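Below: the structure, in structure tokens.
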There are 2 protein chains.
Amino acid sequence: MAKKAVKKGCDSAPVKLMPDATADKLAKLAWAIAHPARVQILRLLIGRNVCMCGEIVSCLPLAQSTVSQHLKILKDSGLIQGEVDGPKVCYCVNDAILTKLKQLVGEL
Amino acid sequence: MAKKAVKKGCDSAPVKLMPDATADKLAKLAWAIAHPARVQILRLLIGRNVCMCGEIVSCLPLAQSTVSQHLKILKDSGLIQGEVDGPKVCYCVNDAILTKLKQLVGEL
DNA sequence: GCCTTTCATCGTATATCTACGATTAACGAT
DNA sequence: ATCGTTAATCGTAGATATACGATGAAAGGC
């Protein structure tokens with residue numbers, strides 16, 4: 001084995017892993033939907049185009065403040081966006097980011 | 001608008017959100033790739049078919065124990081599986097689960 | 001003006017993640 | 001049997017997520 005034995009069983013591509021910004025991007029988007037409540041919220045919005053925060057709250061077995069936090073996480077990820085409408089807030093999906101997520105996962 | 005104003009802007013589908021097992025499933029799989037290191041590991045395995053744990057460690061700027069934890073998370077999710085090969089362990093992707101992930105995201 | 005509705009934010013408690021070094025377990029080679 | 005290699009697990013520390021009630025801010029109705 002002189003040197004090191006040539007790693008049988010694994011090819012020998014000179015392991016190189018660029019920092020890879022897309023890994024970060026995918027991880028962030030995946031994180032946004034890494035909770036059942038957020039998946040349900042996202043689906044709800046996809047199915048209805050727009051939806052008030054209050055309605056979302058009444059669909060989930062969670063406190064209003066908790067739902068608001070999940071909405072914030074989804075909003076921070078870019079997957080959804082909220083538009084103020086009087087005292088209410090209408091949320092809707094950001095299709096561009098959703099498409100980006102699908103693309104990043106699809107390219108895996 | 002007499003009563004309540006019919007929720008202009010929002011349709012009126014009688015909010016009903018089944019527990020939805022697929023939301024849980026998607027959330028779990030998304031969680032598995034919700035960390036840049038795990039995305040990189042997954043990509044590395046996809047690109048090489050199989051890969052020893054040691055090699056993965058040397059590709060990442062993380063301690064061996066940390067990588068092992070990430071591998072465990074990926075393994076628990078089903079996305080990858082490890083096969084013991086002497087003192088080494090060769091990891092590879094579980095295509096069925098990866099496909100499932102792609103499907104769940106694609107169906108969003 | 002005042003009050004109600006709607007939603008975000010604050011403060012808090014608990015749980016889980018992330019990372020590391022150290023230790024343990026499994027296997028082959030000598 | 002002993003040693004070296006490989007990888008999982010343990011133990012720990014710090015950060016972050018999750019959930020809730022309570023409070024705060026913004027807008028419209030009385």
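Here the structure is a predicted model, which means the values were calculated and not measured. Just so it is clear: chains get the letters A, B, ... in the order the sequence lines come, proteins before strands, and each one is counted from 1.
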Provide, to the nearest angstrom, the distance between the [atom1] atom belonging to [X] and the [atom2] atom belonging to [N].
{"X": "B:Lys75", "N": "D:dA7", "atom1": "NZ", "atom2": "C1'", "result": "9 Å"}
{"X": "B:Glu83", "N": "D:dA7", "atom1": "CD", "atom2": "C1'", "result": "15 Å"}
{"X": "B:Ile41", "N": "C:dA19", "atom1": "CD1", "atom2": "C1'", "result": "13 Å"}
{"X": "B:Lys88", "N": "D:dA8", "atom1": "NZ", "atom2": "C1'", "result": "17 Å"}
{"X": "B:Lys72", "N": "D:dA7", "atom1": "NZ", "atom2": "C1'", "result": "13 Å"}
{"X": "B:Leu71", "N": "C:dA19", "atom1": "CG", "atom2": "C1'", "result": "15 Å"}

Would you compute the distance between atom CD of A:Gln81 and atom CG of A:Asp95 and round it to the nearest 0.5 angstrom? 9.0 Å
Could you tell me the separation between the CD atom of B:Glu83 and the CE atom of B:Met52, rounded to the nearest 0.5 Å? 14.0 Å
Can any side-chain N or O of A:Lys102 pair as donor or acceptor with the backbone N or O of B:Leu108 at less than 3.5 Å?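 Here the side-chain-to-backbone pair exists.
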Net bend of the helix from C:dG1-D:dC30 to C:dT30-D:dA1, end axes of five pairs each, nearest 10 degrees: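 Here the local axes at opposite ends form an angle of 10°.
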Determine, for nucleotides 14-30 of chain D in 5'-to-3' order, which nucleotides have protein heavy atoms under 4.0 Å from the base (write B), from only the sugar-phosphate (write S), or from neither (write -). ---SSBBBB----S---
Would B:Leu42 and A:Leu104 show up in the same hydrophobic cluster when neighbours are defined by side-chain heavy atoms closer than 4.5 Å?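 Same hydrophobic cluster.
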Which heavy atom of A:Cys51 sits nearest to which heavy atom of A:Leu45, and what is that distance? CB-CD2, 3.5 Å
Note: B:Ala32 and B:Leu79 closest approach over all heavy atoms is CB-CD1, 4.0 Å
Enclosure of A:Lys28 NZ (heavy-atom neighbours >12, cutoff 6.0 Å):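 No, NZ of A:Lys28 has 12 or fewer neighbouring heavy atoms, counting only those of other groups under 6.0 Å.
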Using a strict threshold of under 4.0 Å (side-chain N to carboxylate O), is an ion pair present between B:Asp20 and A:Arg43?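 Salt bridge present between A:Arg43 and B:Asp20.
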